[in-house]
Amino acid sequence: MDGFLNDKLRKGDAESFTVLFKQTHPRLMGYCRLFIKNRTDAEDIVQECFFSLWRNRERIDPRKSVESLLFVSLRNRCLNYLKEHSRHYFDSFHEDVAVNELQYLYQIDFTERKEPALEEQLIKALQEAIDALPGRKKEIFIKNKIQGFKQKEIADELGISVKTVEKHLHEAKLELKSKLEKRFASLAVLLYLLLQ
């Protein structure tokens with residue numbers, strides 16, 4: 001969004017908000033689904049970001065990217081969701097490590113960064129790693145982790161056993177984890193959650 005549209009948004013122009021929504025909603029959903037498996041929860045979180053932006057539209061700085069504000073808001077909501085719904089995992093980890101890594105993510109202000117934001121780098125690296133998976137592993141991983149199909153549904157659709165689906169998923173996760181940990185070693189907790 002440019003300054004002109006930002007200004008219109010600040011003044012409560014519904015058409016500008018619709019333009020912003022159409023331009024950014026699919027990417028926000030894609031980003032959110034990397035963190036949040038449940039599609040309904042992901043949709044709710046993305047809607048909350050748009051609602052919050054509209055409610056606080058008078059505070060929009062016309063010199064800054066509204067899209068970046070949405071992604072920062074979404075990132076923080078996703079991390080809050082993960083902390084709430086993954087307490088059993090964080091309790092089993094060294095608490096200081098988990099908190100430090102999440103805090104590192106919170107502190108990234110990618111509205112001021114000249115290089116791609118960490119989220120953008122992680123999404124790109126994850127997409128590249130998924131694309132590099134062998135055919136059947138890739139297909140099963142996408143169906144299960146991105147499209148939300150259950151293992152039984154995938155097995156029935158592909159005419160294979162649930163055990164075979166489980167095997168492909170396990171191997172795909174190991175390959176992705178291996179590739180991503182090399183590039184994002186400081187985000188072990190986040191990578192663990194993404195690949196569950």
Side-chain angles (χ1 to χ4, degrees), residues 20-55 67 69-93 95 98-99 101-106 108 117-131 133 137-158 160 162-177 180-181 184 187-196:
L20 174 70
F21 183 87
K22 286 180 179 176
Q23 284 180 351
T24 58
H25 185 268
R27 286 189 299 123
L28 286 165
M29 272 302 295
Y31 174 63
C32 190
R33 289 302 302 280
L34 289 174
F35 297 90
I36 314 301
K37 295 177 191 175
N38 184 293
R39 184 170 188 87
T40 302
D41 288 350
E43 286 171 351
D44 288 346
I45 290 168
V46 171
Q47 291 299 329
E48 286 170 13
C49 290
F50 281 106
F51 178 71
S52 176
L53 178 72
W54 182 253
R55 191 178 55 218
E67 188 174 330
L69 289 175
L70 280 170
F71 272 94
V72 169
S73 173
L74 179 59
R75 174 194 64 202
N76 291 341
R77 288 171 193 274
C78 286
L79 292 172
N80 286 335
Y81 178 97
L82 290 174
K83 284 205 292 187
E84 277 179 39
H85 292 81
S86 302
R87 178 52 49 194
H88 66 281
Y89 170 67
F90 287 109
D91 285 345
S92 69
F93 225 73
E95 189 67 23
V99 170
E101 290 189 357
L102 289 174
Q103 189 60 36
Y104 172 66
L105 282 177
Y106 275 119
I108 296 169
L118 184 61
E119 286 92 341
E120 293 169 347
Q121 294 176 47
L122 186 54
I123 291 169
K124 186 169 186 256
L126 181 59
Q127 187 59 59
E128 288 171 356
I130 291 170
D131 287 342
L133 288 170
K137 278 185 202 162
K138 175 181 172 182
E139 181 182 14
I140 289 172
F141 185 86
I142 289 172
K143 283 182 181 298
N144 181 251
K145 296 300 178 186
I146 297 175
Q147 296 173 350
F149 288 100
K150 294 182 175 156
Q151 292 180 9
K152 177 75 166 65
E153 294 171 330
I154 298 168
D156 290 344
E157 182 185 331
L158 299 179
I160 57 179
V162 173
K163 285 278 184 199
T164 303
V165 170
E166 289 173 358
K167 179 177 178 278
H168 281 301
L169 277 174
H170 177 71
E171 290 174 358
K173 284 192 239 180
L174 288 177
E175 285 184 36
L176 294 174
K177 187 169 179 282
L180 292 172
E181 278 185 341
F184 301 94
L187 298 179
V189 171
L190 183 55
L191 289 171
Y192 176 91
L193 293 167
L194 283 175
L195 296 174
Q196 281 308 292

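These values consider heavy atoms only, across backbone and side chains, with no hydrogens, waters or symmetry-generated copies.
Atom CG of Asp156 sits about 12.0 Å away from atom CD of Gln151, to the nearest 0.5 Å. Taking CG of Leu133 as the start and NE2 of His168 as the end, the distance is 11.5 Å to the nearest 0.5 Å. Summarising the geometry, atom CD1 belonging to Ile36 is positioned 12.5 Å from atom CD belonging to Glu43; distances are rounded to the nearest 0.5 Å. Separation of atoms SG (Cys32) and CZ (Arg39) is listed at 10.0 Å; rounding is to 0.5 Å. The line from NZ of Lys167 to CD of Glu171 is 4.0 Å long, rounded to the nearest 0.5 Å. The CZ atom of Arg33 lies 10.0 Å from the CG atom of Asp41; values are rounded to the nearest 0.5 Å.
Using modelled atom types, one side-chain atom of Asn80 and one backbone atom of Asn76 make a donor-acceptor pair closer than 3.5 Å.
Under the 4.5 Å side-chain criterion, counting only non-hydrogen atoms from C-beta, Phe50 is in contact with Thr24. Under the 4.5 Å side-chain criterion, counting only non-hydrogen atoms from C-beta, Phe149 is in contact with Ile154. Residues Leu28 and Cys49 form no side-chain contact, since every pair of their non-hydrogen atoms from C-beta on lies 4.5 Å or further apart. Side chains of Glu139 and Leu158 form a contact here, defined as non-hydrogen atoms less than 4.5 Å apart. Looking at heavy atoms from C-beta onward, Leu20 lies in side-chain contact with Leu53 at the 4.5 angstrom threshold. Between Gln23 and Glu67 the shortest side-chain heavy-atom distance does not fall below 4.5 Å. His25 is listed as a side-chain neighbour of Gln47, based on a closest heavy-atom distance under 4.5 Å.
Residues Leu169 and Phe141 share a closest heavy-atom pair of CD2-CA, 3.8 Å.
Applying the salt bridge (Lys or Arg N to Asp or Glu O under 4.0 Å) criterion to Lys22, with sequence neighbours excluded, gives no partner residue. In this view, Ser73 and Arg77 satisfy the side chain to side chain donor-acceptor pair (under 3.5 Å) rule, not counting sequence neighbours.
One finds no salt bridge joining Glu153 and Lys143 here, because no Lys/Arg side-chain nitrogen approaches an Asp/Glu carboxylate oxygen to under 4.0 Å.
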